[in-house]
**Q** 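My questions all concern the structure below.
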Amino acid sequence: MKENELPVQGTQHWVLQDEVRLFLWEKYQGSPQGKPVLVLAHGSATAGRETFDLRVPGHPEYSLMDFLAKQGFDVFAPDMRGFGSSTKPEGHITTEQAAGDLSAVVDFILKLRGVSQVHLLAWSWGTQYGGQFVMAHPEKVKRYAAYAQMHARSPDLEARRERLATFQRAPYIRITEQGWKLRFNSLTPPEVNDPVVMDAFAKAAALVELKSPTGPQVDLLTRQPLIDASKITVPTMMIHGQYDDVADLPGLLPFFTALPNPDKQYTVVPEGGHMLHLQKGHARLQRAVADWFAAP
């Protein structure tokens with residue numbers, strides 16, 4: 001049987017960082033050996049596996065990890081501290097701590113697979129700690145994609161500002177299934193959402209994230225900018241959905257312009273918002289990301 005006809009395999013790993021145990025989910029087709037390595041950095045609310053490898057009944061095409069594995073990548077999705085199956089510290093977590101966790105994960109993968117560089121796709125708040133990691137360790141990143149990157153005046157962040165005191169007071173909050181579904185709406189019209197996908201995501205998130213960290217929200221609302229475009233020197237693609245409520249051309253084009261590497265690309269994908277990977281435009285996102293990381 002040819003490798004591209006084999007089922008996609010999933011393997012879990014654990015990474016130790018500052019006495020914190022980090023869960024790491026890996027997917028590949030056939031053998032992981034000799035494949036380009038791709039790391040996926042999750043956002044501020046849900047962990048890696050639930051974000052990028054969601055199991056939707058009757059719709060396997062929504063797993064970004066499976067798609068990328070079938071394109072020949074060895075794909076890893078870590079849970080940063082405070083998220084998913086990783087250790088949940090008592091106090092607020094910071095963007096810098098997440099960047100340190102990502103660095104530990106990448107070092108683990110480099111040693112595990114015997115490679116010198118990884119590709120990195122970062123989503124939402126992941127673009128903040130992922131961006132910090134790329135700034136600090138450009139030699140470890142071959143190509144980078146910032147997906148749904150926020151900026152200081154993002155409409156959704158402005159809407160969250162009234163909850164800042166709550167975020168500052170409690171390091172974790174509980175989000176209901178209905179609360180998880182709200183992330184699909186905002187500026188996004190209902191026709192780009194599939195209720196079956198929304199329900200699957202809400203159930204998975206509520207099951208895994210029994211409490212969600214608020215530290216990322218505090219950082220996003222009080223400490224921007226957290227990253228400096230002039231210090232992100234690797235080839236970079238910026239990509240977001242047409243209806244994204246944190247990522248838009250007016251807010252991000254200055255950042256894109258300031259990226260120093262001439263190998264860069266800005267892509268807007270129709271039929272999706274902040275949850276583009278789980279919305280109607282998901283196939284276009286998958287193709288754009290795979291093509292970017294397959295470039296020489």
Side-chain angles (χ1 to χ4, degrees), residues 41-47 50-52 54 80 82-83 92-95 98 121-132 145-170 172-193 197-198 201-202 205-206 209 212-227 229 238-256 266-282 285:
H42 65 74
S44 66
T46 47
E50 290 67 45
T51 298
F52 301 115
L54 182 67
M80 302 307 152
F83 292 88
H92 285 86
I93 63 172
T94 67
T95 303
L121 169 66
W123 174 56
S124 191
W125 177 60
T127 65
Q128 307 301 297
Y129 67 82
Q132 289 184 349
Y147 159 42
Q149 178 173 307
M150 59 276 298
H151 55 88
R153 294 177 302 282
S154 296
D156 184 67
L157 293 187
E158 291 300 315
R160 291 184 217 176
R161 198 167 299 282
E162 63 183 24
R163 302 178 62 196
L164 177 59
T166 299
F167 297 146
Q168 291 173 321
R169 183 169 57 251
Y172 295 90
I173 58 173
R174 172 69 174 168
I175 301 176
T176 65
E177 283 191 26
Q178 185 57 36
W180 289 114
K181 291 181 183 180
L182 292 176
R183 204 67 194 92
F184 286 81
N185 301 321
S186 189
L187 303 178
T188 306
E191 58 266 23
V192 304
N193 289 317
V197 179
M198 294 171 64
F201 173 78
E209 302 299 340
S212 294
T214 60
Q217 310 302 329
V218 174
D219 280 0
L220 291 172
L221 293 172
T222 64
R223 298 185 52 218
Q224 290 206 63
L226 290 161
I227 49 178
M238 300 189 71
I239 185 170
H240 60 80
Q242 173 185 5
Y243 304 109
D244 201 327
D245 56 9
V246 305
D248 52 42
L249 277 165
L252 292 177
L253 208 50
F255 187 96
F256 177 77
Y266 197 114
T267 300
V268 180
V269 178
E271 299 185 303
H274 196 64
M275 302 293 289
L276 174 62
H277 55 287
L278 298 175
Q279 293 173 315
K280 192 173 181 180
H282 71 279
L285 170 70

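Count residues from 1 along the sequence. Remember, predicted model here, so these are calculated numbers, not experimental data.
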**Q** Spell out, as yes or no, whether a donor-acceptor pair under 3.5 Å connects the side chain of His92 to the backbone of Phe167.
**A** yes
**Q** Look at the side chain of Asp245 and the backbone N and O of Ser186, then say whether any donor-acceptor pair between them is shorter than 3.5 Å.
**A** no
**Q** Short question: side chain of Arg223, backbone of Val218 - any donor-acceptor pair under 3.5 Å?
**A** no
**Q** Find out whether Gln279 and Tyr243 are in side-chain contact, i.e. whether some heavy atom of one side chain is under 4.5 Å from a heavy atom of the other.
**A** no
**Q** Could you list the residues that satisfy side chain to side chain donor-acceptor pair (under 3.5 Å) with Glu209, not counting sequence neighbours?
**A** none
**Q** Taking side chain to side chain donor-acceptor pair (under 3.5 Å) as the test, write out the residues that go with Thr176, two or more places apart.
**A** none
**Q** Answer yes or no: is there a side-chain heavy-atom contact under 4.5 Å between Asp248 and Pro155?
**A** yes
**Q** Over all heavy atoms of both residues, which pair between Leu252 and Tyr266 is shortest? Give the atoms and the distance, please.
**A** CB-OH, 3.6 Å
**Q** Identify the two heavy atoms, one from Trp180 and one from Phe184, that lie closest to each other, and give their separation to 0.1 Å.
**A** O-CD1, 4.1 Å
**Q** Assess whether atom CZ of Arg163 is packed by more than 12 heavy atoms of other residues, nucleotides or ligands within 6.0 Å.
**A** no
**Q** May I ask you to test the Lys280-Glu191 pair for a side-chain heavy-atom distance under 4.5 Å?
**A** no
**Q** Give every residue pair that meets the salt bridge (Lys or Arg N to Asp or Glu O under 4.0 Å) criterion with at least one member in residues 146-156, sequence neighbours excluded.
**A** Asp156-Arg160, Asp156-Arg183
**Q** Taking Thr214 for the side chain and Ala170 for the main chain, is one N or O donor matched with an acceptor at less than 3.5 Å?
**A** yes
**Q** Taking all heavy atoms of Ile93 and all of Pro216, pick out the closest pair and write down the distance.
**A** CG1-CD, 3.9 Å
**Q** Of all heavy-atom pairs between Ala122 and Thr127, which one has the smallest distance, and what is that distance?
**A** O-CG2, 3.3 Å
**Q** Does the side-chain contact (heavy atoms from CB on, under 4.5 Å) test come out yes or no for Leu221 and Leu157, once each step is laid out?
**A** CA-CA 7 Å; Leu221 293 172; Leu157 293 187; 4.2 Å; yes
**Q** State, with a plain yes or no, whether a side-chain heavy atom of Val268 is found less than 4.5 Å away from one of His240.
**A** yes
**Q** Return the minimal non-hydrogen interatomic distance between Val246 and Ser154, and the atom names on each side.
**A** O-OG, 2.6 Å
**Q** State the CD-CD1 distance between Gln128 and Ile227, to the nearest 0.5 angstrom.
**A** 4.5 Å
**Q** Can you check whether Met198 reaches Asn185 side chain to side chain, under 4.5 Å on heavy atoms?
**A** yes
**Q** Mind checking whether Met150 and Ser124 have side chains closer than 4.5 Å, heavy atoms only?
**A** yes
**Q** With the side chain counted from C-beta on, respond yes when Met275 and Val197 share a heavy-atom pair under 4.5 Å apart, and no when they do not.
**A** no
**Q** Which residues pass the side chain to side chain donor-acceptor pair (under 3.5 Å) test with Gln149, sequence neighbours left out?
**A** none
**Q** Is the shortest side-chain heavy-atom distance between Tyr129 and Leu226 below 4.5 Å?
**A** no
**Q** Under 6.0 Å between ring centres: does that hold for His151 and Phe255?
**A** no
**Q** Check Gln217 against Ser44 and note the closest heavy-atom contact, atom names and distance.
**A** NE2-OG, 2.9 Å
**Q** Could you tell me which residues satisfy side chain to side chain donor-acceptor pair (under 3.5 Å) with Thr222, sequence neighbours excluded, listed by chain and number?
**A** none
**Q** Just jot down the ring-ring contact (aromatic ring centres under 6.0 Å, His included) partners of His277, sequence neighbours excluded, or say none.
**A** Trp123, Tyr147
